[in-house]
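Read the structure below first, then the notes.
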Amino acid sequence: MTDATSGDGARTGSTAQPTGAKGPDELRRQIEQTRSQLGDTVEELAGKADVKGRAKARAADLKDKAGAMTVQLRSSAAHAGHSVQGKASRATHSAQDKAGRAAHAAQDKARRGGHAAHDRAEPSGQHRARQGGVPERMRGAVQAGKRHPRPLLVAGAAAGAVVAAGVLRRRRHGPC
């Protein structure tokens with residue numbers, strides 16, 4: 001390989017250095033400088049040739065980025081979850097309030113309807129109160145019970161015993 005030199009003996013090109021050393025110390029310095037430059041060049045070439053090392057470094061970098069993104073996504077998901085939970089809670093309370101108001105309105109309407117039906121059934125409001133609250137059909141039986149209470153008590157006790165016996169039998173044998 002030949003380099004063009006200028007008239008004073010220096011090389012032309014990007015790294016112009018004198019070709020000759022002026023003494024042994026100058027020569028040692030030039031050798032040391034050349035070794036250093038050569039070492040730097042070898043390191044650069046080795047770094048470029050170390051595909052496995054570069055791949056590991058890139059993988060570590062990507063792993064760090066993925067970890068950061070995971071933290072960010074979890075934070076966003078937690079925030080969204082809290083937001084949805086708050087909205088659901090507000091919707092639940094709103095629905096409960098509406099249901100409560102509707103229930104009270106239905107109760108009030110039923111109460112008013114009951115009062116209206118009661119008022120229509122007894123327009124005077126005193127029909128049963130004057131006659132002791134006993135319907136017309138039953139007045140004779142009630143008056144007889146008042147005159148002769150003992151037979152009425154015996155008949156009531158007998159009816160109660162029959163009902164009790166029926167209940168006990170049904171419990172033992174099951175429904176028919």
Side-chain angles (χ1 to χ4, degrees), residues 1-122 125 160-176:
M1 206 160 69
T2 60
D3 286 331
T5 57
S6 62
D8 61 353
R11 290 185 187 172
T12 58
S14 62
T15 56
Q17 296 179 352
T19 57
K22 298 198 183 212
D25 291 333
E26 176 88 21
L27 185 61
R28 286 186 191 115
R29 188 186 60 72
Q30 287 179 359
I31 291 171
E32 227 14 79
Q33 187 178 8
T34 305
R35 280 184 187 163
S36 176
Q37 290 174 352
L38 185 60
D40 292 343
T41 305
V42 168
E43 283 183 29
E44 286 179 29
L45 290 173
K48 289 181 181 180
D50 186 17
V51 176
K52 187 175 180 181
R54 288 190 318 180
K56 282 184 179 181
R58 179 78 174 142
D61 186 42
L62 290 175
K63 185 177 178 182
D64 289 343
K65 285 182 182 179
M69 288 180 73
T70 300
V71 169
Q72 185 180 10
L73 288 174
R74 283 183 181 167
S75 174
S76 296
H79 180 69
H82 290 302
S83 176
V84 168
Q85 199 172 28
K87 287 179 183 178
S89 177
R90 286 190 295 276
T92 299
H93 288 301
S94 175
Q96 286 175 345
D97 289 344
K98 287 179 183 177
R101 285 194 297 268
H104 287 300
Q107 286 175 343
D108 289 343
K109 190 173 183 179
R111 183 180 43 80
R112 285 192 304 268
H115 287 303
H118 183 267
D119 291 345
R120 280 193 303 269
E122 295 183 9
V162 169
V163 169
V167 168
L168 288 174
R169 182 172 182 213
R170 190 168 262 193
R171 281 188 184 169
R172 275 193 214 136
H173 299 291
C176 297

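Predicted model, so just to flag it, every value in this text is computed and none were measured.
For Lys63, there are no side chain to side chain contact (heavy atoms under 4.5 Å, CB included) partners, not counting sequence neighbours. With sequence neighbours excluded, no residue forms a side-chain hydrogen bond (donor to acceptor under 3.5 Å, both in side chains) with Arg54. Residues passing the side chain to side chain contact (heavy atoms under 4.5 Å, CB included) test with Arg58 are Asp61, Leu62, sequence neighbours excluded. In this view, Lys52 and Asp50, Lys56 satisfy the side chain to side chain contact (heavy atoms under 4.5 Å, CB included) rule, not counting sequence neighbours. With sequence neighbours excluded, the residues forming a side-chain hydrogen bond (donor to acceptor under 3.5 Å, both in side chains) with Asp25 are Arg28, listed by chain and number.
Sorted by first then second residue, the salt bridge (Lys or Arg N to Asp or Glu O under 4.0 Å) pairs that include residues 31-46, not counting sequence neighbours, are Glu32-Arg35.
Thr34 OG1 to Arg29 CZ: the interatomic distance, rounded to the nearest 0.5 Å, is 9.5 Å.
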Got a list of side-chain donor-acceptor pairs under 3.5 Å for residues 86-97, not counting sequence neighbours?
unit_1	atom_1	unit_2	atom_2	d
Thr92	OG1	Ala88	O	2.8

Determine all donor-acceptor pairs shorter than 3.5 Å in which one atom belongs to a side chain in residues 64-85; sequence neighbours excluded.
unit_1	atom_1	unit_2	atom_2	d
Thr70	OG1	Ala66	O	2.8
Ser76	OG	Gln72	O	3.1

